[in-house]
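Small disclaimer: the values here were computed from a predicted structure and weren't measured.
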Amino acid sequence: RLLDTVSRIQQAGGCTRPLQILPPQWDLLLDVFEETFPNFIAVADYLRDHFSLASIGNKAIHFPPLLLVGEPGIGKTEAARWLANRLNVPFCMIDMASAQTGAALSGSERFWTNSRSGQVFETLCFETFANPIIMLDELDKTLGDARFDPFAPLYTLLEPSSAQTFVDLSIGDFAINASRVNWIATANSLEAIPRPIQTRLTVIHIQTPSPEQARCITRNIYKRILAEGDWGDFFKPDLEEGIVDILISHPPRVVKIALTRALGSAARHQRHAIGFSDLVLPHTQHPRGIGFLAI
């Protein structure tokens, strides 16, 4: 297994990885981020501060670990993916809600027959750059006990000094430098997150979008769906205001799912715009109609 790992590392570019640098107009990119995710203004300001420091240094993309706290479905994961895509850095999402041990982060012990390396090792060794964005999704829902603490690897990984010599348990024979990883954790609340982990993260509370922000977010989601699909040109570039009025009471995650399905319904009926009959939202009474979230 070790020989195979070394071979894969060599094929991926050898034992070193460059650091991705800031795009020339990074400040404008953050302006667009703020327009796309208007309830993430605090995140945009946080990145502006750290990118400003990088711009007068080696220009490498890096920011201290972040913890985004907010209600489910308000766009935390979507915002992290957007940043990774626009900054052109690798992106890895680790589902902490399903983590019962630290294996997803630091690999499993070599004595297990099914031992495998963790996602941090694989991202750093097999991706292009050494400063990826790694997302710890639903950090507050992490399970486990004292014997198999899923948080344990983070005490090393979130400290730059100790992260410089991070060792994956399934490999064990050499250390890698994980100090330039850009960490973004998400949670719905802070209660279940150990205090020592909280102190290693900058906590930013993401507010529920205001009605006007929700309108902007809904339109942006629609435009992103069209831009990402090779069929986007088939549809009108803007949503009708009546459709927006219905969707703004729902979280961005639900809006994206509903719009994607609605576009499919419109395409099935050879229509270039979404109609009210295309919307299927949570707790609908009819198979095709306008639905509303239960109160």
Close side-chain approach of Pro132 to Asn182, heavy-atom, < 4.5 Å: no

Ion pair Arg17/Glu127, N-O distance below 4.0 Å: no

Salt bridge (charged side-chain N to carboxylate O under 4.0 Å, His left out) evaluation trace for Lys141 with Asp95: CA-CA 9 Å; Lys141 295 181 176 60; Asp95 180 12; over 6 Å; no

Distance-only donor-acceptor check, side chains Ser210 and Glu212, under 3.5 Å: no

Same cluster (ILVMFWY, side-chain, under 4.5 Å), Val69 and Leu136: yes

Residue pair Phe235 / Ala273: nearest heavy atoms and the distance that separates them: CD2-N, 4.4 Å

Any donor-acceptor N or O pair under 3.5 Å, side chains Gln164, Ser179: no

Chi angles and distances behind the side chain to side chain contact (heavy atoms under 4.5 Å, CB included) call for Arg48, Asp27: CA-CA 7 Å; Arg48 284 189 183 98; Asp27 50 343; 5.9 Å; no

Whether Lys223 side chain and Asp238 backbone form a donor-acceptor pair below 3.5 Å: no

Within-4.5 Å side-chain heavy-atom neighbours: Cys92 and Ile94: yes

Donor-acceptor contact below 3.5 Å, side chain Arg180 vs main chain His62: no

Main-chain N/O of Leu3 paired with Ser7 side-chain donor or acceptor, under 3.5 Å: no

Expected output: side-chain Gln198 to main-chain Leu190 donor-acceptor under 3.5 Å: yes

Sequence neighbours excluded - salt bridge (Lys or Arg N to Asp or Glu O under 4.0 Å) pairs with any residue from residues 243-254: Arg215-Asp245

Shared hydrophobic cluster for Val32 and Ile217 (ILVMFWY, side-chain gaps under 4.5 Å): no

Minimum side-chain heavy-atom gap Trp82-Arg86 below 4.5 Å: yes

Check: Asp168 side chain, Gly118 main-chain N or O, donor-acceptor pair, under 3.5 Å: yes

Criterion side chain to side chain contact (heavy atoms under 4.5 Å, CB included) on Arg224 and Lys256, from CA distance to verdict: CA-CA 9 Å; Arg224 286 203 302 276; Lys256 183 176 182 180; over 6 Å; no

Intermediate values then yes/no, salt bridge (charged side-chain N to carboxylate O under 4.0 Å, His left out), Lys76 and Glu71: CA-CA 9 Å; Lys76 299 185 293 291; Glu71 295 178 0; over 6 Å; no

Residue pair Ile61 / Leu19, side-chain heavy-atom distance below 4.5 Å: no

Closest heavy-atom pair and its distance - Ile243, Phe276: CD1-CD2, 3.7 Å

Single hit among Leu124, Thr123, Leu157, Val89 for side chain to side chain contact (heavy atoms under 4.5 Å, CB included) with Val181: Leu124

Atom of Pro23, atom of Leu87 and distance for their closest heavy-atom approach: CD-CD2, 3.9 Å

Crowding at CD, Gln25 (>12 non-hydrogen neighbours, <6.0 Å): no

Shared hydrophobic cluster, Phe121 / Val167 (ILVMFWY, side-chain heavy atoms < 4.5 Å): no

From Phe63, Phe37, Phe33, residue fulfilling side chain to side chain contact (heavy atoms under 4.5 Å, CB included) relative to Val43: Phe33

Leu66 and Leu201, any side-chain heavy atoms less than 4.5 Å apart: no

Derivation and outcome, side chain to side chain contact (heavy atoms under 4.5 Å, CB included), residues Arg81 and Asn85: CA-CA 6 Å; Arg81 287 186 184 276; Asn85 182 55; over 6 Å; no

Heavy-atom neighbours of Asn58 CG exceed 12 at 6.0 Å: yes

Asn188 side, atom CG; Leu68 side, atom CG - distance, nearest 0.5 Å: 11.5 Å

OG1 on Thr142 to CG on Asp149, rounded to 0.5 Å: 9.0 Å

Atom pair CG/CZ of Leu263 and Arg271 - distance to nearest 0.5 Å: 10.5 Å

Axial cation check for Phe126 ring with Arg8, 6.0 Å and 45° limits: yes

Considering all heavy atoms, the nearest Ala185-Leu139 contact: CB-CD2, 3.9 Å

Minimum-distance pair of heavy atoms, taken over all atoms of Leu22 and Ala54: CD1-CB, 3.9 Å

Worked verdict on Glu191 versus Ser189 for side chain to side chain donor-acceptor pair (under 3.5 Å): CA-CA 6 Å; Glu191 283 75 12; Ser189 66; 2.9 Å; yes

Closest non-hydrogen atom pair between Pro150 and Met96, with its separation: O-CE, 4.1 Å

Single-linkage hydrophobic cluster Ile246~Ile225, side-chain heavy atoms < 4.5 angstrom: yes

Distance in Å, Arg200 CZ paired with Trp183 CH2, rounded so as to fall on 0.5 Å steps: 12.5 Å

Heavy-atom check, side chain of Leu279 versus side chain of Leu247, under 4.5 Å: yes

Asn220 and Thr36: CA distance, side-chain angles, deciding distance, side chain to side chain donor-acceptor pair (under 3.5 Å) verdict: CA-CA 6 Å; Asn220 287 334; Thr36 305; 4.7 Å; no

CE-CD1 distance between Met93 and Ile184, expressed to the nearest 0.5 angstrom: 12.5 Å

Heavy-atom side-chain contact between Leu83 and Phe40 under 4.5 Å: no

Geometric class of the Phe51/Trp26 ring pair [parallel <30°, tilted 30-60°, perpendicular >60°]: perpendicular

Any donor-acceptor pair under 3.5 Å from Gln119 side chain to Leu105 backbone: no

Whether Asn39 side chain and Gln207 backbone form a donor-acceptor pair below 3.5 Å: yes

Stepwise side chain to side chain contact (heavy atoms under 4.5 Å, CB included) check, Ser106 with Val120: CA-CA 7 Å; Ser106 61; Val120 175; over 6 Å; no

Value rounded to 0.5 Å, distance of SG in Cys216 from CD1 in Ile221: 10.0 Å

Check: Ala187 main-chain N/O paired with Asp140 side-chain donor or acceptor under 3.5 Å: no

Cluster check Ile41, Leu47: I/L/V/M/F/W/Y, side chain < 4.5 angstrom: no

Salt-bridge criterion met for Arg268 and Asp278 (N-O under 4.0 Å): no

Asp49 side-chain N/O to Tyr46 backbone N/O, donor-acceptor pair under 3.5 Å: no

Close side-chain approach of Tyr155 to Ile197, heavy-atom, < 4.5 Å: yes

